[in-house]
Amino acid sequence: MKTFNEPDENVGRFYIRLLAAILFVIIGCILLALRLYSLQVKSHSHYLDLAEGNRISMLPIVPQRGNIVDRNGETLARNFVAYTLEITPSLVSNLEKTIDGLSEFIAIEQKDRQRFYNFLRDNRRLDSAPIRTRLSDEEVARFMGQRYRFIGVDVQARLFRDYPNGSLGSHLIGYISRISDHDAEEIEARDETANYRGSMHIGKNGVEKSYEGVLHGVTGLEHVEITAGGKVMRSLKVDPAVPGNDIELSIDIELQKVAETAFGERRGGLVAIDPSTGEVLALVSMPTFDPNLFVDGISSADWKMLNTSENKPLLNRAVASAYPPGSTIKPFMALTGLNTGKRTLTYKMGDPGGFSYAGHYFKDDKKGGHGSVDIHKSIVVSCNTFYYVLANDLGIDTIANFIGQFGLGSHTGIDIPDEKEGVLPSTAWKRKRFKSQGPRYQKWYGGETISVGIGQGYNAYTPVQMASAIATIANDGKRMRPRVLRAVLDSHGQRQEPPPEQVKEIDSKPEFMAAVQAALADVTRFGTATRAFAGAPYRAAGKTGTAQVYSLKGGQYNKSDERKRDHSWFIAYAPVEEPKIALAVMVENGGFGAVSAAPIARLVIDAFLLKKHADEPAPEDTDAESEEEGSNDRGNGVRARREGET
C-alpha cells in the first residue's frame, strides 16, 4: 500500500519553494532597477546624445573663399556658384550602371568618368564625388524629373573658383584644386580637419597656397532633423560660415601684362620691386599656364601637356629657378672690393685684354682690353679683366661674406611658396656640396674664384634675389623683404596692411654706395645699355649680363642651337634721383643682355613711370651685339671653374 506524506511536511516544502521564488523575483527586480538607473540616470546624457544623433544631423556649410585683387582693385581670382551632379558611392550598388543611366539624359563624357574615378581614388575621406560640374538649368531640370530612379545621386550647389585673366600672372596667383589624401593628412596635422568638412578644394600654388589660411574662411554648421532613412525633415539651427578674407596684392596687373607681353614666346623670369617698401609690382615666369584647368581636376591630356613640355610652364622661374648671373654680379663685386679696402675710388689698372692664372689665360670681352680702368669704368663698359684680378685679390670667402648681405644665395623670404635658395659659393659650401665625393672634390681652387668674379662658375641666383639685390643698392643699402601681400580685407570692410620689413642694412660706406650708383646710371647713358634706354625721359641705372650655360671647350658657337645660347640678364632701377621701381629680367638662352633683357626692362619701366602699354613683344635688336660685354667669354666660365682639378 502506498504511503502518503503528512500534510505538515508538504506545507514546509511549499514555503521553501515560495521563498526561493520570491527571492528570485526580488533579485531580478533589483537588477532591473539597477539597469534602469544606469540607462535612465547615470547614462542619460550619453544615450540622449545618441538618440539626438539619430534624429539630428549636422551638415557643414562651406565658407565662401576670399577674392584676390591687385593694387588697383582689379579682380584676379573670384568665386561663382554652380550646380554639380554628385554620386555617393556607399549608396550605389553599381556605379557604372548608374553613370550609364545618367548619361541617357545628361552629357557625361569619358573625361568626366575618368575625373570621377580619380577623385574617388584621391579623396576617400569624402562621402560624395562629382560626376558632372557646372550643370545648366536645363540639365538640372532633366535630372530632377528622373531623380527617383537614382538612389545615391543628387544635385548640389557648389562654389567654384574663376581666374578671369586666364594665364596672366598664374605663377604669382597660383590656383586651387581638389583636396587629395596628402592634403587631408596635412590638414589633420595642423588640427584643421573640422574647418575643412565639406570643402573640396585647397590652394595648391602661389598666393592661393601661401595665404590659404586667410582665404579659406571658417566652416559653418546646419543642424537638421532627419528620418531613420536619412531624409532631411527640417532645419533646426544654423551656425553660419565665416567667409574668407579678401586679399589685395601689391601687383599691378596691367604692368604684369606689359611684362608678359614683352617676353613674347621666350622663356624667363622678371621681378619688379618698390625699393623703399619691398612691395612686388610684377612677378613674371614665362611660359605661363591657365589656372582654370585645375579647378575641376585637370584632365590627363592637359596634365601631360603641361608636365612633359620641354618649356616647363609649371616651373616658377622667378623664384624657383637659379641661374648664373653673369656680369650683373659686378656692382656687388665692386662694393666688396671698395669696402674691404682691396680697391679705392682712385685705383686704376691697365687692361691688357685678359688675365693669366695657373697656366690659363682668362680673356677679356674686348680684344686688346679697355685700357686704363677704374671702378666706375669697369661697371660702365663691363670690363672682365678688372674683375678677374679683383676676385683673385679678394678670395672666395671674402666675396661670399660681403655679397651674401644682399640676399644672394639665400631665401629672400618672399611670400610665394617653393622659393629656391640658389648658390653663393664658398669654401664651406663646396665642402658640404661635395662631401660624398672625397677631399679632392671638396677643395676650393683659385681658378674657380676667377670665374665667380664675373658671375660664372658655381654662382646661381634667382630673379627675385637679383631684383632684391639691385633694389637694395637703389635704397642706399637697406634691404627690404619682398612681398606680394599689400592688404587683407575682412568681411566687415576692415583693412590690415603689413608694414614694410627691413631685413638688413648693408655694411658699406655711403660714398662707396654712391660711386656704384653713379656707375650704374652711366651704364644706360654711355655703357652697355645705351641703346635700350635711348630717348628715355627719365634717368635709369642698370647693369647688363650674359651668362654662359654651355661650355664650348674651344669650339665654335652655333647660334642655331637655341638651348645652348647664353642667358640674358638685366638689373635696373629708376628714376635715379628717387627710385620707384627696381627689377631683374632674365631671358633663358636669350643671348646678350643688352639685346634681350634690357629692352624688356625698358618697356616695363616705361609702363610703370609713364603709364605706357605694350601690345607686342620686345624686338630683338641683333645689331646691339657690339654694345654688350660678352661676360662669359665663350668657355672661360666652365673651364675656369675646373682650374687645378685636372
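Each residue takes its place number in the sequence, starting with 1.
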Can you find a side-chain donor-acceptor pair between [X] and [Y] that sits under 3.5 Å?
X: Glu138; Y: Ser136; answer: no
X: Asn475; Y: Tyr573; answer: no
X: Gln110; Y: Gln114; answer: no
X: His216; Y: Ser199; answer: yes
X: Asn245; Y: Tyr211; answer: no
X: Glu419; Y: Thr412; answer: yes
X: Ser103; Y: Asp100; answer: no
X: Gln146; Y: Arg149; answer: yes

Roughly how far, to the nearest 0.5 Å, is [atom2] of [Y] from [atom1] of [X]?
X: Ser596; Y: Asn589; atom1: OG; atom2: CG; result: 10.0 Å
X: Gln64; Y: Leu159; atom1: CD; atom2: CG; result: 5.5 Å
X: Ile176; Y: Met200; atom1: CD1; atom2: CE; result: 10.5 Å
X: Phe143; Y: Leu85; atom1: CZ; atom2: CG; result: 5.5 Å
X: Ile247; Y: Ile173; atom1: CD1; atom2: CD1; result: 11.5 Å
X: Ile605; Y: Leu603; atom1: CD1; atom2: CG; result: 10.0 Å

Check [X] against [Y] and note the closest heavy-atom contact, atom names and distance.
X: Ala272; Y: Ile581; answer: CB-CD1, 4.0 Å
X: Pro287; Y: His171; answer: O-CE1, 3.2 Å
X: Gly203; Y: Glu212; answer: N-OE1, 2.9 Å
X: Ala322; Y: Gly422; answer: CB-CA, 4.0 Å
X: Ala474; Y: Pro579; answer: O-CG, 3.6 Å
X: Ile87; Y: Pro89; answer: O-CD, 3.2 Å

Donor-acceptor pair, side chain of [X] and main chain of [Y], under 3.5 angstrom:
X: Gln465; Y: Glu421; answer: yes
X: Glu248; Y: Gly73; answer: no
X: Ser250; Y: Val280; answer: yes
X: Ser285; Y: Leu315; answer: yes
X: Asp239; Y: Ile61; answer: no
X: Asn316; Y: Ala320; answer: no
X: Asp70; Y: Glu74; answer: yes
X: Ser568; Y: Ala597; answer: yes
X: Thr277; Y: Glu279; answer: yes
X: Arg495; Y: Leu489; answer: no

In terms of ring plane angle, is the pair Phe80 and Phe160 parallel, tilted or perpendicular, where the classes change at 30° and 60°?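 Judged by the thresholds at 30° and 60°, the geometry between Phe80 and Phe160 is parallel.
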Do the rings of Phe294 and Tyr175 sit parallel, tilted or perpendicular, given the 30° and 60° boundaries? parallel
Salt bridge check: are [X] and [Y] linked by an N-O gap of less than 4.0 Å?
X: Glu588; Y: Arg317; value: yes
X: Arg78; Y: Asp162; value: yes
X: Glu208; Y: Arg65; value: yes

In the structure I gave you, are the side-chain heavy atoms of [X] and [Y] within less than 4.5 Å of one another anywhere?
X: Arg113; Y: Ile108; result: yes
X: Leu168; Y: Tyr163; result: no
X: Tyr323; Y: Thr462; result: no
X: Leu583; Y: Val604; result: yes
X: Ile68; Y: Arg161; result: yes
X: Met286; Y: Arg267; result: no
X: Glu254; Y: Val258; result: no
X: Pro482; Y: Val271; result: no

Step-by-step salt bridge (charged side-chain N to carboxylate O under 4.0 Å, His left out) determination, Glu501 to Arg483: CA-CA 9 Å; Glu501 180 184 348; Arg483 71 173 193 274; over 6 Å; no
Residue pair Thr219, Val62: steps toward the side chain to side chain contact (heavy atoms under 4.5 Å, CB included) verdict: CA-CA 5 Å; Thr219 299; Val62 179; 5.7 Å; no
For [X], look at atom [atom1] and say whether over 12 heavy atoms of other residues, nucleotides or ligands are found less than 6.0 Å away.
X: Tyr83; atom1: OH; value: no
X: Asn72; atom1: CG; value: yes
X: Gln502; atom1: CD; value: yes
X: Ile151; atom1: CD1; value: no

Decide yes or no on salt bridge (charged side-chain N to carboxylate O under 4.0 Å, His left out) for Arg147 and Asp154, but give the supporting numbers first. CA-CA 8 Å; Arg147 183 179 181 182; Asp154 206 353; 3.0 Å; yes
Salt bridge (charged side-chain N to carboxylate O under 4.0 Å, His left out), that's the test. Do Arg132 and Glu139 meet it? Break it down for me. CA-CA 10 Å; Arg132 262 290 311 277; Glu139 287 174 320; 3.1 Å; yes
Take Val207 and Leu76 through the side chain to side chain contact (heavy atoms under 4.5 Å, CB included) test and state the conclusion after the steps. CA-CA 11 Å; Val207 169; Leu76 308 180; over 6 Å; no
Run Gln256 and Asn165 through side chain to side chain contact (heavy atoms under 4.5 Å, CB included) and show every step you take. CA-CA 11 Å; Gln256 180 84 15; Asn165 296 297; over 6 Å; no
Would Asn67 and Asn79 satisfy side chain to side chain contact (heavy atoms under 4.5 Å, CB included), going step by step from the backbone distance to the final call? CA-CA 7 Å; Asn67 297 320; Asn79 308 298; 3.5 Å; yes
Salt bridge (charged side-chain N to carboxylate O under 4.0 Å, His left out) between Asp183 and Lys204, intermediate numbers included: CA-CA 9 Å; Asp183 296 322; Lys204 296 278 191 174; 2.3 Å; yes
